[in-house]
Amino acid sequence: MSFLEIKDLKVHYPIRGGFFHTIQDYTYAVDGVDLSIDEGKTYGLIGESGSGKTTIGKTIVGLEKPTSGKILYNGQTVNSKRARKKLGYNKEVQMIFQDVFSSLDPRKKVIDIIAEPLRNYENLTKEEERKKVLELLNIVGMPGDSLYKYPHEFSGGQRQRIGIARAIALNPKLIVADEPVSALDLSVQAQVLNYLKKIQKEFNLSYLFISHDLGVVKHMCDYIYIMHRGRFVEAGTREDIYNNPIHIYTRRLIAAIPEIDVKNKEKYYMIRKKVEEEYNNYSSLFYDEDGKVFDLIQISDTHYVAIKDKEALKNVENNIA
Amino acid sequence: MWKTILRRVLLMIPQLFILSIIVFALGKAMPGDPFTGLITPDMDPAVIERLREEAGLNDPIPVQYKNWIVRILRDGDFGRSYTYKMPVTKLIGKRAANTLWLSLLTVILTYLIAIPLGIYAGRYNGSKFDKAVMVYNFISYAIPRFILGLLLLLFFGYRLKWVPTTGSVDLGLEPGTLDYFLSRLHHMILPAITSAILGTIGIVQYLRNEIIDAKTQDYVKTARSKGVPTNKVYTHHIFRNSLLPIAAFFGFTITGLLGGSVFIETIFTYPGMGELFVSAISSRDYSVINSLVLLFGFLTLLGSLLSDIIMTIVDPRIRIE
Amino acid sequence: MSNLEINKNYVTPNIDEETLKALSREQSFWNVLKREFKVDKLATACLIILIIIFAVLFIGSALLDQEEVMKIDLKYKYEPPGDKFILGADLGGRSIAGQLLIGGRNSVLIGFAVTILTSFIGIVVGLITGYYGGKVDNIIMRICDFISILPVTLLIITFVVVIPDYTMWHFIFIMSIFYWVGMTRLVRSKALSESRRDYVNASKIMGTSDIKIMFGSILPNISSIIIVDLILEFAGNIGIETGLSFLGFGLPPSTPSLGTLVSYARTPGAMSSKLWLWLPASLLILVMMLCINYVGQAVKRASDAKQRLG
Amino acid sequence: EEATAPKGNEEEKQEQKQSYGKVGNIELPYPTVVKKDGETVGGTLNVALIASSPFEGIFNTFLYENSDDSSLMQPMLCGFFKSGPNLEMKDSNCSINFDKDRKTVTLKINPNLSWSDGVPVTADDLIFVYECIGHKDYTGVRYDRNYMNVVGMEEYHAGKADTISGIKKIDDKTLEVTFKEFYPGILWGAGIPYNPEPKHYLKDIPLKEMVSHERVRLKPLSCGPFMVSNIVAGESVEYVPNPHWCGEKPQVDKIVIKRTNPDTIAEALASGVFDVVDGISISSYDRYKDLKNITLLSNVSRTYWYIGFKLGKWDAEKGQVAPNPNAKLADVKLRQAIAYAMNNKEVAERFYHNLRIPANALIDPMHTTFWNEKQEGYDYNPEKAKQILDEAGYVDVDGDGFREDPKGNKLKINFLSMAGGEIAEPLAQFYIQCWRDVGLDVVLQNGRLVEANAFYDMIAQDNPEIDLYMAGWSTGSNPDPQGLYGRYAQFNYTRFASEENDRLLAAIASEKAFGEDGYLDEEYLIKAYHDWQAYVRDQVVVAPTFYTISLSAINNRVNYWDLNVVSDWWWEKVGLLSDTPEIAK
Amino acid sequence: MEAEKILEVKDLHVAFRFQDKYYDAVDGVDFTLKRNEIFAIVGESGCGKSTIVNSIVGLHDKNFTRVSGEIIYDNANIANYSEEEFNKIRGRHIGFIFQDPLASLNPLHKIGKQIEEPLIYHTDLDKNQREERVLELLNQVGINNPKRVVNQFPHELSGGMRQRVLIAIALSCKPNIIIADEPTTALDVTIQAQILDLLTDLQKEIDAGIILITHDLGVVAQMADRVAVMYAGQFVEVANAEELFDNPLHPYTRSLLQSIPQSDSLGKDLHVIRGMVPSLRNLPRKGCRFAPRIQWIPESEHEENPELREVSKGHFVRCTCWKNFHFEDEGGN
Ligand SMILES: Nc1ncnc2c1ncn2[C@@H]1O[C@H](COP(=O)(O)OP(=O)(O)OP(=O)(O)O)[C@@H](O)[C@H]1O
Ligand SMILES: Nc1ncnc2c1ncn2[C@@H]1O[C@H](COP(=O)(O)OP(=O)(O)OP(=O)(O)O)[C@@H](O)[C@H]1O
Ligand SMILES: [Mg+2]
Ligand SMILES: [Mg+2]
Ligand code: NI
């Protein structure tokens, strides 16, 4: 049951230049994507830097205006600020930011940070509010004495957990997690990922999990979208993507994962070289002359890939997979 | 780039236009008129009345404004100075040349003083030299311009007789000859030094901070890691980057000097624009006031344009297309 | 999912309110500032000197009767410092010391008022343009540009001439009209970058109103820079009318000020042989500026974690 | 040579008296003349022009307006006329004859006088001046009622005539001018050009462009001892002897006049930068008065200062003043009290080093004969002021320390004073204190001094707030007060008028001023002037405060300098006794 | 055949000054680097990795840093060389690649000039030769149109290109040692793979030893010959890459490996190391530094003054706690 649907979303940023900052051209940050989100599921969004992942996330929570396309929440458009307000949309969709540190107001204490959404939507007394904040801290495994500390007194992982506590304060249905762990060390990353999973189970949350680390995405997500140049190049379940990647870009991504397997070092090296070659050889099947990604074609119940046509698909299946 | 410069220049027109209205209205709001100063017992009041009539001062103010602006636009005629009995353009032209020369020399001296001071203070920050520079900075900040000017004039002009005490050039020299040029320089040097000493304050401070800042930049580390000799690291990597904001302020520095010229010119009896401005105000020499204000406004606009252009030239990150 | 359920799973941990408060105080700006002053003896000394100066100026001038001080007594024209007048007397036989107190107070008041007024306008306008950006920013910045091409001297002189009952407050007001632009520019540039930070985005997502974000989140975050600038501007504004006094368009003479006193230096001969006329005021300005500046530096360090000494 | 005009016995006496340092009963602090024997060495005479802004540099006697330019032209002028003891016109390089009955003036130019290009000065050069002033394109200030008084001038101005009918060239060197009315002002040169201008040199320049033409600005001709050799516009002028000068050969090789700033003049004198500083400002007096390398000269000037009372308004329709009998200060007793309350003596002594002299009348002491030195002024007498006020019913009824008017209404008097110089402000405060001491509630209008233009604007517009104001007049060579106190005078800023005043002023301007010889009847005029002085003293139309003594500083190497009005001195007589200026130790 | 040792670090201590006290950020590090070897240092952020390499090329601010111990390069101890002495080594014998390619390039200089700079100071090449060499280098690092790139400014290049430029700079004088401080952290995976492969290729060409710093164990596995695991200013385990990943001994190494999301961890919680990395000023100076984070291991299991000991050939471990280490949820034995 999708409660959130995104239809043909496009976000184009003007490139301004010159003295007057007039619009010279557009960055096609997001250029026509469809996405639907069910309750309690995690959706992965992977792609290279600058492919438009954050932009999608921001548009969903309402920080960016779509250039065209629709965002439907329970069937109703929430493109405008007013509509979002009316539907209580902002309560339901929250975000965890890529740059943890900058997403916490350095001048506010933890209690004020976590209580901010509560103050906006719920009329709690000071006492109730503090209790609630403590509960939230508890959920993300932070000690109670964090309450009156400032963000800079915490480690990266702890900060990220504060961000999570804030995001879940209003019991949202969806959290857009924009690279929540890519700035963190391994051990801390594990911590945060564990909490995200735990909370999901408890609150039946959905995540839109943005990352470029395929290992992490694999660990977290049920359904994965691969993004390139503002469009989806492949979408499917975890198994679809990892076991049967079709699109050359996906394949390249997977090949680039540094595996912890010292003995087969050479083998991986060869694979990378091979995929690289493939990428160069077959790109015309996956990108048109302008380098634009083709539309998605369904190849199984859950698996979609952006390819020129069915014929090309066969060609690819025979030659590569 | 030329196109944008042209556009910027065009944008000046409405700004100057509004400025012209404001300054005209203000001029008229000042009590008295250019002929108030003629009042003596010998003077026939009818003559003053006649002069007022001839000058159009008895017309309604909007009509006066219209006449003035039309004459400027149609004939390029900025009117005549009542006091100096000559076309304003000619009068201001001479004075402006004086002020601009003085400003130019001041700028050169300012940079000659400020840059080494700022650089050494920044490079060896915390050293005795740095502290001395800071003290110098404060003292020159607190000393009003005219006190410094008078002190220098009394000492170098009258006591030591190293420099002339009045005027801009010696008598009987042909413009264009070397002697003429040297004489001008001789007359300008003390006022320019005075101005420069005061002008260095901001620059020294700024440069020092910039250099301290630049020292910790990653690219400086890169340069060091390349084995670039320390002095070269400073000259090639730190200075240039630190000078950037100062270069950007160059345009403003010039206009700032024009604005501050009145004190220096008054003390050194140096006939320039600033001094002309103040005396024009006290004699209500409208056409001079108006034209000077427009000129100042224009130069300020030009200064900021110049700053922008310099900025784009020295900083490749900013592009004008 | 209700709140009740959360309660079941997670028991509120017991914590001591007082320790928490203590913890929170530890890192507050004031504490950091205190520590900064503790380390920086020079700044502390400056602060003390400043406090003393201000106290003397304000208490002293309150005790003095301005009319009495400004009373002409030709017997004491240019009386050098001595028994009758500690710091000597001016052309009208008026005590320089008295004028220094009153003038110092006036100048400090002017500096303070101008700083406050310009900053107030500057902060509000700067925050709005920086936060909203786009068209709002464009329009306001054009207005700022325009104000900066106005010939301030002329306009001030004109106002001085045009306003009939010209007092210190007019002066403050006029100055403020022109000088808010600088602060606006500063606040705008900071607000511009600050409002792109994710914590602002976070607040937006959580439905916090724009006004609250501007004044509750962005302002506190840029406050340290503003405070530093305020302090330095204050130092600059103390001597703000010296130049105008020099040209004869400063404050009305019934309002003594440091500017007027410093301008006495122009009296022929005062420069070398009647030092008492202008030197005390000049020194007062210098000392105040120096002190304010060092205090400002300490504040600056406190506000920038990278530069902290303590 | 016979260039200088003959002088009467009387004048010689006058000169002697002045050189001893006394004008009327005013003791001059310094001599008026310095004259030293000794060989002169040529050299360059450095003269200061004290001016706060660059000079305009219009070297033309009918176009210039500014006194700086007038100073700059001095070495180039030939002393076309000389001044009598009352500054009236006397023969010099041009002799002048008044014919009261024919209403003509005959001017006869010294036949040896010629321009610096060798062309002789002729009557045409004077006609040229008339024609320029009367020309319809003339935008200067000299086309006034005095010139319109020349027969045919207005027709010429209107373009109805090609020549001015009242001007007749008798021969190359002689000119006769006929006036419509022949009033005493003509004795002081009303409607007579003080100097010729070289017609041959300027006639081809359209009048409109003349003022900015280089022949006026940069390369003027001279008929005096010196001529301009170099000019740096607005800054300095260099003069060399005029080879065609008809008088004595100048003693210096060069004169340089340089504009300088008043602030540093004492240092300039001490360091010998200037040999001559005329009209040196009083504010540096302390600094230069004891310099050993200079000599100070002094003389009275044509200035007097006063406290004015606003007594009415200007009625523009009728073109006359309209006194207001209900003006706050309409009561003459009140005005007397105000006058008595002012301690001018102390001001003169303390503020002005006695270089200002408490004034007793409205004629300046330079017009020595007309000025009634014996007239009693309102000397400082606060007791008398109080007594007068008490008698007139101005008493403090509500106990606030200030007097109310006879009806018991509050009496708050606004005092308007002009800004300028560092003395202005304490001076105004001092007067206010004086008045407050006798119980009059005087306050500074607007709480501050008013900038000069605004001041005159407010005074001229009869700003209703003004009750009292402080101002000064620098009178013209003609002492006739008509233009300042007459009923039809716009400059009568107090707006005082009375029939008696009209009558007394008319007496001064009456034809009776011409004596038997067609020249001025001194006895008659003295009486007329004294009568008027007494009347305005009694009425306290204004309360005169000071006369001014002007000072000049001369370096000890200068051999001859003379501040007397009636004197033989001219620029060619100035010499230098050494090559280098004397410098203060 | 034993490869030639090109760098030897012995008992290196690097201390930073806070107020008036110095705190060791690197606390007794020893290692050697051999020709043609890739030596990786892994560890959490802040454990002192960069501090080590910065002291090898003398990039620390001498006013705030104290370096002691020996860094032997070319038979000389360079640890306390002056800036001038370092300048002879840096760029010529040791190349350095930084983490943030944008910040590490001077924004005002053209790419060509920046690559050329070390050649000016370290070689006798004339201008033309230098230009040729620059183009050659750009070719080597896989930039397609070097002629154009030399005239571009850093901001005009993509992140991957910039990193290549940095590599070109580091390689310009064919150094013996290349230090790569997290060269790919700022890049995404595909670019990362390209850059790392490039680095390996080039290394082989010039026979250099590489010190590679990273916190990505995957990168280590794919690149390194030998690995040092660092914790709180000390090496806790040093071994050949294969050995380390096959047979990790130190509790910290094992915990790290455990916390990587892997196929078999699907559906399970990831392993988390309890507690936090102590900050520099609160570092325990005595005892096993990792002990606070594995509190279920009794204190007696740790050494009092833990040292790095060779447990098998080429495999060093600090402290004895590894012998009895088990994960918390595994239960003791
Ligand atoms: N506010 C903006 N104005 C203009 N362009 C923008 C803006 N935000 C993003 N872009 C551009 O849009 C494109 C997509 O950016 P986005 O941040 O969505 O990428 P991303 O996939 O999240 O990358 P990363 O992995 O680096 O976070 C980029 O080319 C970026 O430069
Ligand atoms: N210049 C310095 N002054 C003071 N302390 C420093 C300085 N540089 C580093 N430190 C401290 O030394 C410790 C080690 O820092 P270092 O940069 O070597 O860590 P790192 O392992 O490279 O971490 P990262 O992976 O984040 O780069 C840290 O605690 C750091 O805060
Ligand atoms: Mg992103
Ligand atoms: Mg590091
Ligand atoms: Ni241990």
Side-chain angles (χ1 to χ4, degrees), chain B residues 1 115 119-131 207-208 210-248 250 309-321, chain E residues 50 53-54 56-61 63-64 82-111 113-123 151-156 162 165-166 168-170 172-173 175 178-179 181:
Chain B
M1 171 162 169
I115 290 178
I119 283 174
Y120 279 94
R123 178 163 176 182
Y124 303 107
N125 70 310
S127 66
K128 284 208 180 81
F129 181 81
D130 182 29
K131 282 178 186 142
L207 194 57
R208 175 182 174 273
E210 280 294 318
I211 284 183
I212 294 175
D213 221 43
K215 278 202 284 195
T216 63
Q217 293 289 315
D218 279 355
Y219 60 81
V220 173
K221 239 175 164 182
T222 311
R224 288 172 65 202
S225 81
K226 286 191 233 177
V228 178
T230 312
N231 279 326
K232 293 272 159 63
V233 171
Y234 274 92
T235 50
H236 284 33
H237 294 277
I238 297 182
F239 297 162
R240 175 136 181 240
N241 292 272
S242 312
L243 285 175
L244 210 64
I246 288 167
F250 179 78
I309 294 174
I310 292 176
M311 196 71 164
T312 53
I313 290 170
V314 292
D315 190 343
R317 283 168 295 187
I318 301 166
R319 290 272 120 171
I320 316 179
E321 289 309 334
Chain E
S50 303
V53 289
N54 283 345
I56 295 175
V57 286
L59 286 181
H60 290 298
D61 181 348
N63 295 327
F64 294 95
S82 69
E83 193 75 9
E84 284 72 45
E85 289 168 312
F86 267 123
N87 278 336
K88 294 197 185 100
I89 302 174
R90 293 195 290 228
R92 178 192 223 149
H93 299 282
I94 305 177
F96 209 109
I97 304 168
F98 290 92
Q99 168 173 4
D100 183 347
L102 180 58
S104 303
L105 289 171
N106 190 328
L108 303 187
H109 292 311
K110 289 184 177 161
I111 299 294
K113 195 175 163 202
Q114 304 202 37
I115 302 178
E116 190 188 353
E117 219 175 354
L119 299 173
I120 299 176
Y121 302 111
H122 300 308
T123 65
N151 284 318
Q152 282 182 304
F153 289 98
H155 70 277
E156 298 171 297
R162 286 177 204 144
V165 169
L166 276 182
I169 292 174
S172 56
C173 299
I178 298 172
I179 295 173
D181 188 355

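In this text, all values refer to a predicted model and were calculated from it rather than measured experimentally. What's counted below: heavy atoms across the whole structure, side chains too, no hydrogens, waters or symmetry copies. In the text below, chain A, chain B and the rest are named by the order of the sequence lines, each starting its count at 1.
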Option that, when pairs with chain B are counted at under 4.5 Å, heavy atom only, ranks first among [options]:
options                         : result
Pro118(E), Ser104(E), Gly91(E)  : Ser104(E)
Phe86(E), Phe96(E), Phe98(E)    : Phe98(E)
Asn54(E), Asn106(E), Leu102(E)  : Asn106(E)
Ala103(E), Cys173(E), Pro175(E) : Ala103(E)

- [ ] Could you tell me the separation between the CD atom of Gln99(E) and the CG atom of Asp181(E), rounded to the nearest 0.5 Å?
- [x]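 So the CD of Gln99(E) and the CG of Asp181(E) are separated by 6.5 Å.
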Open item on the list: Using a strict threshold of under 4.0 Å (side-chain N to carboxylate O), is an ion pair present between Lys226(B) and Glu116(E)?
Closed with: no
- [ ] For residues His93(E) and His122(E), establish whether the separation of their ring centroids is below 6.0 Å.
- [x]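 No, they do not, as the ring centres are separated by 6.0 Å or more.
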- [ ] Of all the heavy-atom pairs spanning Val220(B) and Lys215(B), show the shortest one and how long it is.
- [x]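 Heavy atoms of Val220(B) and Lys215(B) come nearest at CG1-O, 3.8 Å.
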Task: Closest approach of Gly122(B) to Ile211(B) (non-hydrogen atoms, all atoms of both residues) - done: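 Smallest heavy-atom distance, with atoms named: C-CG2, 3.7 Å.
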Measure [X] against the heavy atoms of chain B and call it side chain, backbone, both or neither at under 4.5 Å.
X         : value
Leu59(E)  : both
Ile94(E)  : backbone
Tyr121(E) : side chain

- [ ] State whether the number of non-hydrogen atoms from other residues, nucleotides or ligands found under 6.0 Å of Tyr120(B) atom OH is greater than 12.
- [x]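 Incorrect, the count does not exceed 12.
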TODO: Give the member of Thr216(B), Thr230(B), Val228(B), Val233(B) that has the highest number of heavy-atom pairs under 4.5 Å with chain E.
DONE: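 Top count of heavy-atom pairs under 4.5 Å with chain E: Val228(B).
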